Amino acid sequence: MWEYTDVVQEHFLKPRNVGEVENPSGIGDVGSLACGDALKLTIRVDDNDTIVEAKFKTFGCASAIASSSALTEMIKGMKVSEAEKITNEDIADFLGGLPKEKMHCSVMGREALEAAIADYRGITLPMAEGQIVCECFGVTDLEIIRTVKESNLRTIEEITNFTKAGGGCGKCEEKLQNILDETLGAVKEISEAVKQPQRMTTLQKIKKIEEVLEREIKPGLRQDGGDIELIDVDGDTVLVSMRGACTSCAKSQTTVKEFVEKKLRELVLDTLTVEETQ
Amino acid sequence: MKTIPGEEVYMDNNATTKVAPEVVEAMMPYLTDYYGNPSSMHIFGGQVGEAMKKARLQVADLLGAEPEEITFTSCGTESDSTAVLSALQSFPEKRHIITTRVEHPAIKTLCENLETLTGHKHRVTGLKVGPDGMLDMNDYAEALSDDTAIVSVMWANNETGVLFPVEEMARMAKERGILFHTDAVQAVGKIPINLKESAIDFLAISGHKLHAPKGVGVLYIRRGTPFVPFLAGGHQEKGRRGGTENVASIVGMGKACELAAAKMEEENTRVKALRDKLEEGLLSKIPRSILNGHKTERLPNTTNISFEFVEGESILLHMNEYNICASSGSACTSGSLEPSHVLRAMGVPFTAAHGSIRFSLSVYNTEEEVDFVLEKIPQIIDSLRQMSPFWTNEEVAAK
């Protein structure tokens, strides 16, 4: 027996918004009989770009029906631009969580929503243009890469739970591993690129801080008759001394925190804290 | 969410059964006063051995076997593994196993592991089944070879109830000097069996499928069959299965076999009539519903029906609301993504396999229960179909 939350059971036994919207603005049709679940989402959007009506028809298990019902409740009254930000995790959260083997039901909800919005806007979804990786369930590489990134997947088993890919004959296992490795590799590179400054030496830090002080901060302070001097950099703590008009300014503490620290964090390192020496 | 015991409409007897009150009664003394070890020298323990002797006789009588051909185990799976592994060890030069594509995981997984985990030391032939779930006997005859160590074929299929001609198959194996094992977990107690008249070498039973408790099984080993124990240990079961005996459950198993023999006729008349009423009622009341498996070569208690355009787990969870218990071959119920290997082997299209429900009855079911199920299931299927994107009212009109 599955452990379904009370919210899942409620939405399964008493689903909201079952049916089809008349003259819909957008239709999202995903899944198939062979796959074991399918969802047809219809939405009506008013002149203000607001989803005023959403209905579903679903073939599938309890979590597929509950995910569909939850989705329609979530998007009703929402701007299309807001609705398109909904992720499968949001749907699962709305339901109080889903068993991990059933996460693909929430992914199906997100896919139907995307398809309905794309249909409303009259555009073709790029996802469908990917290469089919899992032939049993017709899952493309683009869909897999996206879900790996969105839901932070780390194993083939998780890919299967979320997208169904690999849940049939299992012949695509090697391809899935390659996609996983490549996607995770790319994610790692990006995060390493972001982290690059974190490994600055103290000397590099001082140089960079001085640069920013000279270029971005001092000119502003000088206009008010004040100035700032770098005293020391100890780890991530930047010691500065306020000069001129700033020394007698009651707001100098605010200036240090609101202006100097913010600028240094933005342009040098986001872990820096700025302190004023007396 | 819990249900109140006794209020369930239990039609999932191929999964497990209610322990018969008579069985509980027979077991109780061995859970309380008579706790001795049958292997002990003192009378206090030794007298427990008498109860086991009686149980062995009761099991042997149901099977048409001799008491010394009965070995008690912990479950059907243990009995299955013991039989197959024993045969492979008895004939180490033979490396071929014949089985079917619709076996219970107890045999299916064992054979898959023997093929792959041993570095393909063993070769497995999985016999195909037709759309009605039956075997092609020509395929079987062709598969038998001098390299075949054992044939393992289930007597009755747990999902569809389809019966295989294991007695004939055992004779064909015997002519070639090949050992024959049958997983008879679903058949014993439901259809008459007489092993004296057969060429079957090994037969597996599970207690909890015939109103005995969980945790006890039997392996029948024909007298004179070469045997290598699976669980090595003490001298229990004449050295065929080590481990202190599960005395109370063994006594319960004996009693359950005695009861099954006494109720065999009822199973094949009253229970069968209830099953037929349920099946015919569902098939006539619900459009686009299909019977899975051979209509007559079948256990008297089982029916497996596919309701197209709806999914099994959803059906079962709605049945829950009425406390009706059954099973599904749908992918979603198992946690795997593909529907039942049995239905797929039969070539049941995915579209129908996802919506398959198995009802399995027992002597404890009543006509009122069948009427109740016949009232509720059509409503459930209809409400789910109204929600299904593949269901249009034209489908009904077409019917």
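Proteins come first, then strands; the chains are lettered A, B, ... in the order of their sequence lines, and each starts at number 1. All values below come from the heavy atoms of this structure, side chains included, with hydrogens, waters and symmetry mates left out. Being a predicted model, the structure only gives us computed values, none of them experimental.
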Got a sec: does the [atom1] of [X] have more than 12 other heavy atoms crowding it under 6.0 Å?
X        : atom1 : answer
B:Glu115 : CD    : yes
A:Glu135 : CD    : no
A:Ile123 : CD1   : yes

State, with a plain yes or no, whether a side-chain heavy atom of [X] is found less than 4.5 Å away from one of [Y].
X        : Y        : value
A:Gln9   : B:Leu317 : no
A:Ile65  : B:Met387 : yes
B:Gln386 : A:Val18  : no

* To do: Supply the atom-to-atom distance B:Ser388 OG to A:Leu39 CG, rounded to the nearest 0.5 angstrom.
  => 11.0 Å

* **From B:His354 atom NE2 to A:Asp37 atom CG, the distance as rounded to the nearest 0.5 Å** => 8.0 Å

* Pairs in or reaching into residues 71-98 of chain A: which pass ring-ring contact (aromatic ring centres under 6.0 Å, His included), with residues at least two apart or in two chains? -> A:His11-A:Phe94

Throw together a table of side-chain donor-acceptor distances under 3.5 angstrom for residues 54-64 of chain A, partners on residues two or more places apart or in other chains.
residue, atom, partner, partner atom, Å
A:Thr58, OG1, A:Ser68, OG, 2.7

* By a 4.5 Å heavy-atom criterion (distance strictly below it), what part of A:Pro99 contacts chain B: side chain, backbone, both, or neither? -> neither

